[in-house]
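Here's the structure, in structure tokens; my notes come after.
Throughout, protein chains are lettered first and strands after them, A, B, ... in sequence-line order, and every chain is numbered starting at 1.
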2 protein chains.
Amino acid sequence: MHKKIMHIFVIQFRLMKNSQLYKGSLNTIIMKLLEEQGRMYGYEITQKVKEITKGELNITEGALYPALHKLEAEGLLDVEVEKVDNRLRKYYKLTEKGTTETVNRLAELEEFIKNMQTIVNPKLSY
Amino acid sequence: MHKKIMHIFVIQFRLMKNSQLYKGSLNTIIMKLLEEQGRMYGYEITQKVKEITKGELNITEGALYPALHKLEAEGLLDVEVEKVDNRLRKYYKLTEKGTTETVNRLAELEEFIKNMQTIVNPKLSY
DNA sequence: TTCTTATGCATAACATTCTTAAGTATTTTT
DNA sequence: AAAAATACTTAAGAATGTTATGCATAAGAA
């Protein structure tokens, strides 16, 4: 019983960490990971992000899957369905267009980070 | 005529720079500036951000004013109305609660930036 | 062996944040 | 005199994400 309650708290704690700041960065994260890893499936992406951020960022399925579908619809991703251990996996990879676009988005992200650091810490920015 | 068309392009260019990445960071930006400057009015905030980011980030009025109203409603900001040159100005400053909350949000922002950098540039993060 | 957790994907309802656009009003610049 | 800048407001809609639910199989714990 105690164990169950504690587990609920742990889940709560993790979700609370997802502040509004991450809003808008999911697409860039997905594309960067695909650029780096070649190809990945949805669930794998959630685990990878959790690992990289030491559990601080948990991408929810309700955000991830629609995002992947949209990127595919925009021609930025290609998908290949595979059956592993009798379970479906949808592997995504960048198209040529997606690779080009990834460069742009990463540049935007760098600018964003730079601007935010300038705002937060004006002393350090010169 | 040429001048007018060019002006339209300039406006377009600037707005295009506002990528989705900034979504969710407006409150933190406002609070940080108020912590630093003591008190500011809305229009002043838009100009300050434009100046700091060298024109890369333009806070729209449709986002700013509702955000200020909400922060005030949450008890994080106090407002004082003043008339300068026959025009209204609403000066905002952090409440005690707002000052405390600003510390938390800045910490969250630092974590966010760190996580994003780790994702974008995994080599540099150890 | 049965219940739970993990793996794997999908989507609908709702919340939040922001863009776009329109409105009001005064002052300064062209 | 017209346009741009200053200064604030708010409504409609877009974009993004959370929460919740559903389905299905595999692996692990009780």
Side-chain angles (χ1 to χ4, degrees), chain A residues 1 3-4 7-8 10-12 14-30 40-50 57-74 79-92 112, chain B residues 1 3-4 6-8 10-12 14-30 40-50 57-74 79-92 105 112:
Chain A
M1 198 50 169
K3 209 170 164 185
K4 185 138 197 166
H7 184 240
I8 291 168
V10 169
I11 290 170
Q12 278 298 324
R14 284 211 277 226
L15 292 180
M16 277 173 62
K17 278 294 197 172
N18 283 19
S19 77
Q20 299 286 1
L21 292 168
Y22 292 91
K23 224 179 185 100
S25 55
L26 179 56
N27 287 327
T28 306
I29 291 173
I30 291 171
M40 298 178 87
Y41 56 99
Y43 188 78
E44 190 184 7
I45 294 175
T46 65
Q47 299 310 303
K48 185 75 183 175
V49 170
K50 207 179 288 185
L57 176 53
N58 286 285
I59 294 180
T60 60
E61 297 168 296
L64 178 66
Y65 292 115
L68 288 172
H69 300 162
K70 199 184 173 209
L71 289 172
E72 192 197 345
E74 289 168 353
V79 65
E80 284 166 22
V81 182
E82 278 182 36
K83 201 158 196 172
V84 180
D85 285 335
N86 207 31
R87 262 192 251 112
L88 271 193
R89 276 188 193 171
K90 291 199 168 181
Y91 280 94
Y92 290 90
F112 166 66
Chain B
M1 198 49 171
K3 208 170 162 185
K4 185 139 198 166
M6 278 191 48
H7 185 239
I8 291 168
V10 169
I11 290 170
Q12 279 297 323
R14 284 211 277 225
L15 291 180
M16 278 174 62
K17 279 294 196 174
N18 284 18
S19 77
Q20 297 288 355
L21 292 168
Y22 293 91
K23 224 181 186 95
S25 55
L26 179 56
N27 287 329
T28 307
I29 292 173
I30 292 171
M40 298 179 86
Y41 56 99
Y43 187 79
E44 189 184 8
I45 293 175
T46 67
Q47 300 310 302
K48 184 75 182 173
V49 169
K50 205 178 289 184
L57 176 54
N58 286 285
I59 295 179
T60 60
E61 298 168 297
L64 177 67
Y65 292 114
L68 288 172
H69 299 163
K70 198 182 174 211
L71 289 171
E72 191 197 344
E74 289 169 352
V79 65
E80 283 166 23
V81 183
E82 278 182 36
K83 202 158 197 173
V84 180
D85 284 334
N86 207 31
R87 261 193 252 111
L88 270 192
R89 277 188 192 171
K90 291 197 168 180
Y91 279 96
Y92 290 90
R105 305 227 182 164
F112 167 66

Output yes when at least one side-chain N/O atom of A:Tyr41 is less than 4.0 Å from OP1 or OP2 of C:dG8, else no. yes

When you look at A:Phe112 and A:Ser25, which way does the side-chain contact (heavy atoms from CB on, under 4.5 Å) test go after all the steps? CA-CA 11 Å; A:Phe112 166 66; A:Ser25 55; over 6 Å; no

Write down the distance between CD1 (A:Ile30) and C1' (D:dA15), rounded to a whole number of angstrom. 14 Å

So, OP1 or OP2 of C:dT19: does either fall under 4.0 Å of a side-chain N or O from B:Thr60? yes

Should B:Arg87 be listed as having a side-chain N or O under 4.0 Å from OP1 or OP2 of C:dT26? no

Without decimals, in angstroms, what is the distance between A:Glu80 CD and C:dG8 P? 17 Å

Side-chain N,O (B:Asn86) to OP1/OP2 (C:dA25) below 4.0 Å: no

Looking at every heavy atom in both B:Ala67 and B:Ile30, which two are closest together, and how far apart are they? CB-CD1, 4.0 Å

Report which part of the nucleic acid A:Gly62 touches: base, sugar-phosphate, or nothing (heavy-atom distance under 4.0 Å, all strands). base

Spacing between B:Arg89 atom CZ and C:dT24 atom P, to the nearest angstrom: 24 Å

On DNA chain D, more 5' by nearest nucleotide between A:Asn27 and B:Ala63 is B:Ala63

Which comes earlier along DNA chain D counting from the 5' end, the contact point of B:Tyr91 or that of A:Gly24, where each point is its nearest nucleotide? B:Tyr91

Categorize A:Lys83 for me: base, sugar-phosphate, or nothing, with a 4.0 angstrom heavy-atom threshold over every strand shown. nothing

Partners of A:Lys48 by side-chain contact (heavy atoms from CB on, under 4.5 Å), sequence neighbours excluded? A:Leu33, A:Gln37, A:Met40, A:Glu51, A:Ile52

Just to be sure I understand the rule, does B:Thr46 reach a base, reach only the sugar-phosphate, or reach nothing, if contact means heavy atoms closer than 4.0 Å? nothing

Residues in side chain to side chain donor-acceptor pair (under 3.5 Å) contact with A:Tyr43, at least two apart in sequence or another chain: none

Just the rounded figure in Å: distance from P of D:dT9 to CG of B:Leu64. 10 Å

Hey, does the side chain of A:Gln20 come within less than 4.0 Å of C:dT16's phosphate (OP1/OP2), counting only N and O? no

Please check the phosphate of C:dA10 (OP1 and OP2 only) for any side-chain N or O of A:Tyr65 closer than 4.0 Å. no

In whole Å, I'd like the distance from the CD atom of B:Glu82 to the C1' atom of D:dC8. 15 Å

What integer distance in Å separates B:Ile59:CD1 from D:dT9:P? 16 Å

To the closest 0.5 Å, what do you measure between CG (B:Leu21) and OG1 (A:Thr28)? 5.0 Å

Could you check whether B:Glu61 gets within reach of a base, just the sugar-phosphate, or nothing at all, counting any heavy atom under 4.0 Å? base

Rounded distance in Å - CE (A:Met40) to P (C:dG8): 12 Å

Can you measure from CD (A:Gln20) to NZ (B:Lys23) and round to the nearest 0.5 angstrom? 10.5 Å

Please determine if a side-chain N or O atom of B:Lys90 lies less than 4.0 Å away from the OP1 or OP2 oxygen of D:dT9. yes

Under 4.0 Å between a side-chain N/O of A:Lys70 and OP1 or OP2 of D:dT16, yes or no? yes

Quickly work out the A:Leu26 CG to D:dT16 P distance and round it to whole Å. 9 Å

